[in-house]
J.: 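Following this message is one structure expressed as structure tokens.
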Amino acid sequence: MDLLEYQGKQLFRAHGVPVPDGRPAATVEEAVEAADELGYPVVVKAQVLIGGRGKAGGIKVAGDRSEVEAHAGAILGMDIRGLTVHELYVERASEIAEEYYAAILLDRTAKKPMAMLSRMGGMDVEEIAATDPNAIVRIHVDPLLGFSDFHGRRLAFEAGIAGDVVRPVSVVLAKLYEAFAEEDAVLVEVNPLLVTADREVVALDAKVTVDGNALYRHPDTATFRDVSAEDPQERMAKERGLTFVKLDGDIGILGNGAGLVMSTLDVVAQAGGHPANFLDAGGGSKAEAIVDAVEVILSNRNVRAVLFNIFGGITRCDEVARGLVTAFGQLDVKVPFVVRLDGTNDEEGRRILAEANLPNVTVEKTMDGAAARVVELARSAEAVS
Amino acid sequence: MDLLEYQGKQLFRAHGVPVPDGRPAATVEEAVEAADELGYPVVVKAQVLIGGRGKAGGIKVAGDRSEVEAHAGAILGMDIRGLTVHELYVERASEIAEEYYAAILLDRTAKKPMAMLSRMGGMDVEEIAATDPNAIVRIHVDPLLGFSDFHGRRLAFEAGIAGDVVRPVSVVLAKLYEAFAEEDAVLVEVNPLLVTADREVVALDAKVTVDGNALYRHPDTATFRDVSAEDPQERMAKERGLTFVKLDGDIGILGNGAGLVMSTLDVVAQAGGHPANFLDAGGGSKAEAIVDAVEVILSNRNVRAVLFNIFGGITRCDEVARGLVTAFGQLDVKVPFVVRLDGTNDEEGRRILAEANLPNVTVEKTMDGAAARVVELARSAEAVS
Amino acid sequence: MSVLVDSGTKLVVSGLTGREGSFHGMNNRRYGTDLVAGVTPGKGGQDVEGVPVFDTVHEAVAETGANTSMIFVPPRFAADAILEAADAGIELVVCITEGIPVHDMLRVYTHLRRGPTRLIGPNCPGILSPGKANVGIIPAHFFSEGNVGLVSRSGTLTYQIGNELAQRGFGNSSIVGIGGDPVQGSSFIEIIDLFQADPQTELIVMCGEIGGEDEERAAEHVAEHVDKPVVAYIAGFTAPPGKTMGHAGAIISGSKGTAQAKAEALEAKGVRVGRTPTEVAEIAAEIAGATV
Amino acid sequence: MSVLVDSGTKLVVSGLTGREGSFHGMNNRRYGTDLVAGVTPGKGGQDVEGVPVFDTVHEAVAETGANTSMIFVPPRFAADAILEAADAGIELVVCITEGIPVHDMLRVYTHLRRGPTRLIGPNCPGILSPGKANVGIIPAHFFSEGNVGLVSRSGTLTYQIGNELAQRGFGNSSIVGIGGDPVQGSSFIEIIDLFQADPQTELIVMCGEIGGEDEERAAEHVAEHVDKPVVAYIAGFTAPPGKTMGHAGAIISGSKGTAQAKAEALEAKGVRVGRTPTEVAEIAAEIAGATV
């Protein structure tokens with residue numbers, strides 16, 4: 001789960017990572033009030049989960065109240081690369097002397113946390129890597145031993161940052177690691193990590209991704225979820241416990257197991273089709289879950305045909321068939337369905353579908369055959385519409 | 001550094017180990033006030049760093065105010081196995097259903113923390129071990145991994161405690177381990193760990209030893225040192241940074257390095273003498289340290305003769321000799337000294353002593369010879385007195 | 001022969017008294033797996049259809065000689081259950097539980113790597129050695145004994161591919177689901193090494209997916225250390241860019257973790273990659289025809 | 001030959017710019033030890049009498065090929081310095097620092113045991129291989145090359161015993177001070193094994209003291225694995241019962257950790273124990289007369 005800048009900074013504060021004073025604001029009035037409290041100049045920042053806010057006009061310095069009003073008004077409701085701005089963060093402006101880059105993340109390959117530091121902050125880390133790969137120092141940390149002082153020193157000395165801030169930057173790195181470990185984060189990124197004109201080290205931005213599986217340990221963080229920024233269809237799926245990602249095609253996809261669903265998307269694409277979503281009904285999908293899944297898939301008006309690709313293991317094909325029959329009874333289904341049932345109780349499942357004799361439902365035996373069929377049906381629907 | 005019961009319980013509370021409500025008290029009036037606040041019945045407990053308080057009459061139940069007055073008055077100032085009671089702890093009385101024994105300690109041999117649990121609490125752990133060695137369950141804990149839930153379950157199930165308290169006792173063990181690790185303790189012992197009539201699990205006693213080398217991380221614990229209970233000579237040594245243990249003989253001993261001092265005690269004992277102290281002036285002893293050491297040794301009126309056994313490594317024998325000369329200049333030394341100087345700058349040291357021509361100072365070349373000589377001098381002094 | 005589980009497996013199930021644990025535990029027993037014990041704290045002394053239940057894994061091992069553990073406890077208790085099994089001297093832990101916090105797994109993984117216990121999973125379907133033993137939730141009736149070693153990060157996709165292979169007459173030495181979590185106990189390389197050493201295995205099929213770079217590392221490893229033929233499948237060519245890992249993750253290795261990058265890495269090292277499950281089976285049949 | 005340090009030792013000193021660090025570091029260099037670097041964060045680029053100083057141990061290793069580290073930093077920074085040396089690939093870390101918190105050492109010890117770095121100390125005088133190298137604070141001028149391997153928990157007592165031996169004509173292969181802290185990096189057994197394997201060493205002297213049960217375990221080990229003669233000394237027969245460890249510590253092993261118990265354990269395994277440093281040298285002379 002990705003956190004907004006101000007949420008990440010809230011975690012930073014709790015672990016002693018220095019950040020400029022700031023307040024979140026959802027309206028122009030709140031923004032002005034925050035700025036008045038903080039003192040001018042301030043920076044008004046769009047809170048959206050996407051990079052490039054600055055270039056898109058989502059970050060503006062305001063020297064007085066009227067500028068805050070103008071900027072807050074302009075940024076609230078702004079569309080930044082497809083996301084609408086619903087919240088602002090108003091922050092004391094800082095005088096910049098140096099900009100570094102710092103991050104702690106989970107390195108899946110080494111299966112260890114990795115700490116990174118670069119003296120070339122303020123630009124994308126990919127850009128730093130492209131400009132000068134040696135400018136990014138990377139150190140693995142033993143997760144049982146934790147972050148020791150020498151890790152911070154090594155990063156600071158090897159990154160070649162200014163000598164007078166080696167110690168405070170090392171301390172910030174240790175606190176970032178603490179936040180990473182204690183908040184169950186998989187990514188903690190600060191870009192830029194600022195040295196101010198007064199040689200204070202502060203985190204000017206905060207990009208934090210926490211592990212959704214560990215939210216039960218962090219009730220405060222769990223409340224951070226910014227539902228307003230989510231796609232309504234994805235929110236609907238999440239509320240029903242389904243793993244769902246919206247795509248831009250016209251073929252609704254349901255499968256059981258993430259790998260099989262990904263494979264189904266691939267096979268449909270190879271057959272010339274365009275998937276409208278990724279939906280994993282999960283292992284052991286029960287009839288109710290299938291009804292929920294059908295409702296979520298059909299809530300996307302672009303969908304012209306739907307493919308069910310089930311390989312029964314724990315999931316029983318008869319349960320899926322029953323769920324589909326129930327869904328057709330409860331919902332007004334107007335698009336054709338292709339259903340491929342294989343594995344546990346597949347014959348029983350196909351028998352249930354045959355007996356129900358649902359309109360517009362084709363049963364196929366193989367995955368490739370089912371993919372070809374659904375692509376064909378989607379094309380016909382397109383031709384008709 | 002050993003903590004008094006109420007100090008240990010303060011640490012327990014900070015880590016969520018349940019303890020009965022209680023207040024420390026230094027006077028009868030404070031004890032009564034504490035009891036009134038807590039509600040009757042209460043237990044009035046002598047706070048001394050020694051076992052067997054109960055048998056010695058240092059723990060008494062009081063049902064009302066007059067009993068608190070009587071018990072507090074009797075216990076304050078009481079001598080328990082050589083220690084005078086200066087402080088009390090007044091605690092809510094608990095109804096006892098079961099008494100267990102729990103401890104976390106450093107196992108030097110395995111170089112790991114070890115957790116222990118027994119269902120036979122309320123008696124000395126040696127007594128449990130003698131009665132039924134299998135009644136004490138012992139589990140090592142990996143210090144990098146820490147105490148996991150299964151450690152607590154194993155201890156509880158294998159110790160055969162009552163089934164209904166397996167979970168709360170496991171939780172208490174985890175919290176005791178937390179206290180052990182986070183407070184830099186080398187021993188955390190609870191005897192008895194009580195199950196009350198209401199089936200609540202509480203620590204009725206607390207024996208905590210913390211690592212003196214780690215006190216800088218625990219400023220609150222550092223203030224716990226109960227100077228009133230210490231021997232004044234030992235306190236004097238501690239204030240001067242000397243490692244000193246008082247013994248009951250008549251030969252003052254000074255050496256450099258704990259091993260050499262222990263060996264010196266042994267050699268003196270084999271020569272028929274009785275050491276009055278263990279004093280390690282430390283590696284690299286400087287002249288000032290020697291002056292301090294002489295003052296501490298002579299503050300013991302039993303001392304009839306003093307042995308200096310120095311094998312110079314970092315310690316320079318000339319520095320020791322200079323220190324001794326200075327000490328003789330500043331102090332009124334009435335007992336004979338035997339000085340053995342060997343190692344770094346030994347010739348220079350012996351030359352300094354020869355030139356100073358101190359009264360009553362004999363220089364010996366070997367450790368055995370020096371021991372024999374000082375025993376002889378102590379015997380002569382005894383004969384004279 | 002086969003790898004990891006066979007007729008010598010003596011299985012203890014943590015969570016045997018739970019709904020899923022008893023369902024799959026008994027399923028495994030019906031398949032012929034030697035299920036010797038269950039563990040549920042506080043239920044020691046009970047039994048599940050005759051299988052004794054103990055309070056601790058240590059007691060289960062002492063009483064029954066269990067050497068393999070299957071974990072079926074909820075995610076917040078799973079790391080502790082794995083550590084308990086390792087502490088009790090279990091050689092192989094198969095963790096089915098999904099949704100374990102990744103920091104828990106970092107600690108568990110790091111600790112287990114320094115000892116003798118091997119972990120498969122978490123969030124995996126387990127291990128099936130057809131005709132010998134089944135430890136996990138793989139539907140065994142699709143698979144028969146044979147010469148293909150199958151290792152996969154995915155669950156149902158494994159069944160899909162296994163089934164495609166079965167339709168072409170292939171059986172399996174073992175099917176190992178290593179799980180799709182960011183921190184798995186065992187990765188492709190270790191299982192491929194087991195198959196390389198297993199006399200029954202003549203062909204290895206690995207089934208990967210987007211994310212991480214385990215497939216890329218496996219490609220390097222296969223080129224240097226494996227002489228048995230390897231066929232691969234990668235799921236996720238049309239998956240949208242991952243949302244969970246942000247940019248900083250991708251740059252660490254230079255790899256993007258995409259299906260395309262993985263397939264190219266494998267092919268560069270001479271490992272043929274099927275673009276659909278069906279194609280994997282076709283390539284396998286072709287290789288088997290050539291080598292047998 | 002000798003053990004641990006010799007002419008192949010390339011020494012880096014953490015804390016070389018400090019008073020004690022520079023005094024003893026330079027002392028070691030004058031003895032002939034190949035002192036290649038110092039480490040003091042923030043003083044990289046400086047030098048101490050021509051020895052280059054680096055900001056990190058990693059840099060020192062990369063630039064100078066250092067393989068041995070001596071730690072001379074204050075106690076609250078020592079655990080970090082040991083970990084840094086191990087992380088930088090140093091093979092042997094000799095920690096002189098006294099007063100390191102025992103929980104710091106528990107973590108360091110546990111971590112180092114799982115890797116290739118050997119730790120001697122903390123709170124130890126270091127290692128002297130007469131005629132070859134001196135790493136630490138042992139006053140080298142008392143000792144000459146010879147056939148006695150000396151291992152000790154104590155500092156000055158080591159010099160005392162070494163000196164008694166020297167007076168009877170013995171020299172040393174190496175003198176190893178393992179330190180007297182509750183958690184030492186290496187214990188008697190490991191150093192005795194090194195002496196057993198060292199061709200130059202013909203007689204082993206171990207110098208123990210009260211507390212713990214390392215001497216008892218060494219006795220067992222010597223009886224089973226060591227065929228070179230071993231002579232022991234134990235300090236603390238008249239020491240008052242230890243105050244720091246309470247009762248719970250003593251019962252864990254059944255051992256009281258007393259000098260008497262240790263001496264008896266050693267003698268029961270055929271290791272002769274001198275009751276004074278002088279007696280140790282006498283026994284050694286007797287054995288040498290018998291064996292040489």
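A, B, ... follow the sequence lines: proteins, then strands. Residue 1 opens every chain.
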J.: Does any heavy atom of chain C fall under 4.5 Å from the side chain of A/Asp368, the backbone, both, or neither of them?
T.: side chain

J.: Strictly by modelled atom types, are C/His103 and A/Asp211 linked by a side-chain donor-acceptor pair under 3.5 Å?
T.: no

J.: Look at C/Asp104, C/Asp214, C/Ile138 and state which one has the largest set of heavy-atom pairs under 4.5 Å with chain A.
T.: C/Asp104

J.: Mind ranking A/Thr344, A/Asn191, A/Leu215 by heavy-atom pairs under 4.5 Å with chain C and telling me who comes out on top?
T.: A/Thr344

J.: Pick whichever of A/Ile128, A/Leu144, A/Asn309 has the most heavy-atom pairs under 4.5 Å with chain C.
T.: A/Leu144

J.: Closer than 4.0 angstrom, basic N to acidic O: yes or no for A/Asp342 and A/Arg340?
T.: yes

J.: Taking side chain as everything from C-beta outward and backbone as N, CA, C, O, which of these in A/Ala371 sits under 4.5 Å from a heavy atom of chain C? Side chain, backbone, both or neither.
T.: neither

J.: Count the heavy-atom pairs under 4.5 Å between each of A/Ala214, A/Ser263, A/Gly312, A/Ala258 and chain C, then report the option with the highest count.
T.: A/Ser263

J.: Judged by modelled atom types alone, do C/Gln184 and C/Tyr109 share a side-chain donor-acceptor pair under 3.5 Å?
T.: no

J.: Need one label for C/Arg153: side chain, backbone, both or neither, based on atoms under 4.5 Å from any heavy atom in chain A.
T.: side chain

J.: C/Val231 pairs by side chain to side chain contact (heavy atoms under 4.5 Å, CB included) with which of C/Leu266, C/Val273, C/Val280?
T.: C/Val280

J.: Heavy-atom distance under 4.5 Å to chain A: side chain of C/Ile100, backbone, both or neither?
T.: backbone

J.: Less than 4.5 Å to any heavy atom of chain C: does that hold for the side chain of A/Asp142, its backbone, both, or neither?
T.: side chain

J.: Any salt bridge between C/Glu190 and C/Arg118, counting N to O under 4.0 Å?
T.: no

J.: Where does C/His24 contact chain A at under 4.5 Å (heavy atoms): side chain, backbone, both or neither?
T.: side chain

J.: Between A/Pro133, A/Pro275, A/Gly212, A/Ala181, which residue shows the highest count of heavy-atom pairs closer than 4.5 Å to chain C?
T.: A/Ala181

J.: Here's a test for you: under salt bridge (Lys or Arg N to Asp or Glu O under 4.0 Å), which of C/Arg275, C/Arg272, C/Lys262 qualifies with C/Glu267?
T.: C/Arg275

J.: Let's test your reading of the structure: which of C/Val183, C/Leu106, C/Thr276 forms the most heavy-atom pairs below 4.5 Å with chain A?
T.: C/Leu106

J.: So which of A/Asn213, A/Thr264, A/Val261 has the biggest tally of heavy-atom pairs under 4.5 Å with chain C?
T.: A/Asn213

J.: Once the angle between the rings of A/Phe311 and C/Phe142 is folded into 0 to 90°, is it parallel (under 30°), tilted (30 to 60°) or perpendicular (over 60°)?
T.: perpendicular

J.: Pick from C/Met105, C/Arg76, C/Arg107: which one has the most heavy-atom pairs with chain A under 4.5 Å?
T.: C/Arg76

J.: Which answer fits C/Asp181, side chain, backbone, both or neither, if we ask what part of it has an atom under 4.5 Å from a heavy atom of chain A?
T.: backbone

J.: Do you know which two heavy atoms are closest between C/Val102 and A/Leu106, and how far apart they sit?
T.: CG2-CD2, 3.5 Å

J.: Pick out which of C/Glu224, C/Glu220, C/Glu215 makes a salt bridge (Lys or Arg N to Asp or Glu O under 4.0 Å) with C/Lys269.
T.: C/Glu220

J.: Decide if atom NE2 of A/His218 counts as having more than 12 heavy atoms of other residues, nucleotides or ligands within a radius under 6.0 Å.
T.: yes

J.: At a 4.5 Å cut-off on heavy atoms, which part of C/Ile161 comes close to chain A: side chain, backbone, both, or neither?
T.: neither

J.: Tell me, yes or no, whether the heavy-atom count around C/Arg217 atom CZ, taken from other residues, nucleotides or ligands under 6.0 Å, exceeds 12.
T.: no

J.: Could you tell me which portion of C/Arg113 (side chain, backbone, both or neither) has an atom closer than 4.5 angstrom to a non-hydrogen atom of chain A?
T.: neither

J.: Heavy-atom distances under 4.5 Å only: say whether C/Tyr233 touches chain A with side chain, backbone, both or neither.
T.: side chain

